[in-house]
Amino acid sequence: MQISPETEVAQVFERLVEDQAPGRRGLEAWRSLLRAHATLMRRLDTDLEGETGLALADFDVLAQLAEWHGELRMMELADRALISRSGMSRRVARLAGQGLVHRDRAGTDGRGVVVALTEAGIARLAKTAPVHASGISKLFIAQLDDQELALLERVLNKVIVDCSFG
């Protein structure tokens with residue numbers, strides 16, 4: 001699409017969006033959701049890493065493992081942590097190098113990989129979980145009353161889609 005000098009890019013963009021979202025219905029809510037997610041995740045990551053030395057994404061891997069009794073197949077872990085399988089492989093390799101998890105072949109066929117928490121991983125999780133929970137409480141939960149939290153949960157559950165990454 002060629003934009004003439006007299007046509008502002010903003011006007012072209014507005015027309016393109018209007019075709020898909022008449023009256024811009026819902027777009028401000030969408031932008032607020034994106035801004036809230038981005039700012040909360042950045043702040044939680046910065047605070048957690050600053051106080052514990054562990055990145056939020058690494059904490060998430062350890063927490064997912066803990067919630068599933070200390071071990072998961074690599075594919076399940078990637079799906080639960082909402083990152084790609086290749087990204088998870090690199091993250092798990094780094095965490096294994098730090099002694100926080102270990103990898104084993106799964107089952108008798110050895111085709112899958114199981115990731116499990118180590119004692120060091122459990123200890124690191126015990127140190128970081130209270131810091132993370134405090135951040136969630138302060139930055140998110142404390143900003144909303146019980147009705148708002150319940151409504152937000154109901155509304156967001158309506159738009160959750162399959163987030164499996166390849």
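Given the structure is predicted, the values throughout are model-derived calculations rather than measurements.
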Does the side chain of [X] reach to within under 4.5 Å of the side chain of [Y], using non-hydrogen atoms?
X: E148; Y: D145; result: yes
X: L72; Y: R80; result: yes
X: R73; Y: V113; result: no
X: V115; Y: E71; result: no

Looking only at heavy atoms, what is the nearest atom pair of R103 and A96, with distance?
->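 So the minimum-distance heavy-atom pair works out to NH2-CB, 4.1 Å.
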Heavy-atom nearest pair, M88 first then A81, reads CE-CB, 3.5 Å
Transitive ILVMFWY side-chain link L156 to L151, under 4.5 Å =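 Cluster IDs for L156 and L151 differ.
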So if you build clusters from Ile, Leu, Val, Met, Phe, Trp, Tyr with side-chain heavy-atom gaps below 4.5 Å, do M75 and L77 land together?
-> no
Please write out which residues are connected to V114 in a hydrophobic cluster, directly or through intermediates, given that two of Ile, Leu, Val, Met, Phe, Trp, Tyr count as joined at side-chain heavy-atom separations below 4.5 angstrom.
->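 None; V114 is a cluster of one.
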How long is the span from the [atom1] atom in [X] to the [atom2] atom in [Y], to the nearest 0.5 Å?
X: R91; Y: S86; atom1: CZ; atom2: OG; result: 11.5 Å
X: L117; Y: L65; atom1: CG; atom2: CG; result: 4.5 Å
X: E49; Y: L54; atom1: CD; atom2: CG; result: 7.5 Å
X: Q64; Y: D79; atom1: CD; atom2: CG; result: 10.5 Å
X: L62; Y: L95; atom1: CG; atom2: CG; result: 5.5 Å
X: D45; Y: L40; atom1: CG; atom2: CG; result: 12.5 Å

State which residues pass side chain to side chain donor-acceptor pair (under 3.5 Å) with R43; sequence neighbours excluded, sorted by chain then number.
->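 For R43, the residues satisfying side chain to side chain donor-acceptor pair (under 3.5 Å) (neighbours in sequence not counted) are D47.
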Considering residues, nucleotides and ligands other than D19, do more than 12 of their heavy atoms fall under 6.0 Å from its CG?
-> yes
Sequence neighbours left out, what pairs pass ring-ring contact (aromatic ring centres under 6.0 Å, His included) with at least one residue falling in residues 36-74?
-> F59-H132
With a cut-off of 3.5 Å and sequence neighbours excluded, list every side-chain donor-acceptor pair involving residues 118-128.
unit_1 : atom_1 : unit_2 : atom_2 : d
T118   : OG1    : G99    : O      : 2.5
T118   : OG1    : L100   : O      : 3.1
T118   : OG1    : A120   : N      : 3.4
T118   : OG1    : G121   : N      : 3.0
R124   : NH2    : T52    : O      : 3.2
R124   : NH2    : G53    : O      : 3.4
T128   : OG1    : R124   : O      : 3.0
T128   : OG1    : L125   : O      : 3.4

Indicate yes or no for a side-chain donor-acceptor contact from Q143 to the backbone of S137 under 3.5 Å, with no hydrogens or angles considered.
->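 Checking the backbone N and O of S137 against the side chain of Q143, no donor-acceptor pair under 3.5 Å is found.
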Pairing residues for E14 by the side chain to side chain contact (heavy atoms under 4.5 Å, CB included) criterion, not counting sequence neighbours |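 Expected list: R24.
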Partner residues of R94 under the salt bridge (Lys or Arg N to Asp or Glu O under 4.0 Å) criterion, sequence neighbours left out | D58
Pairing of E28 and R31 as salt bridge, 4.0 angstrom limit | yes
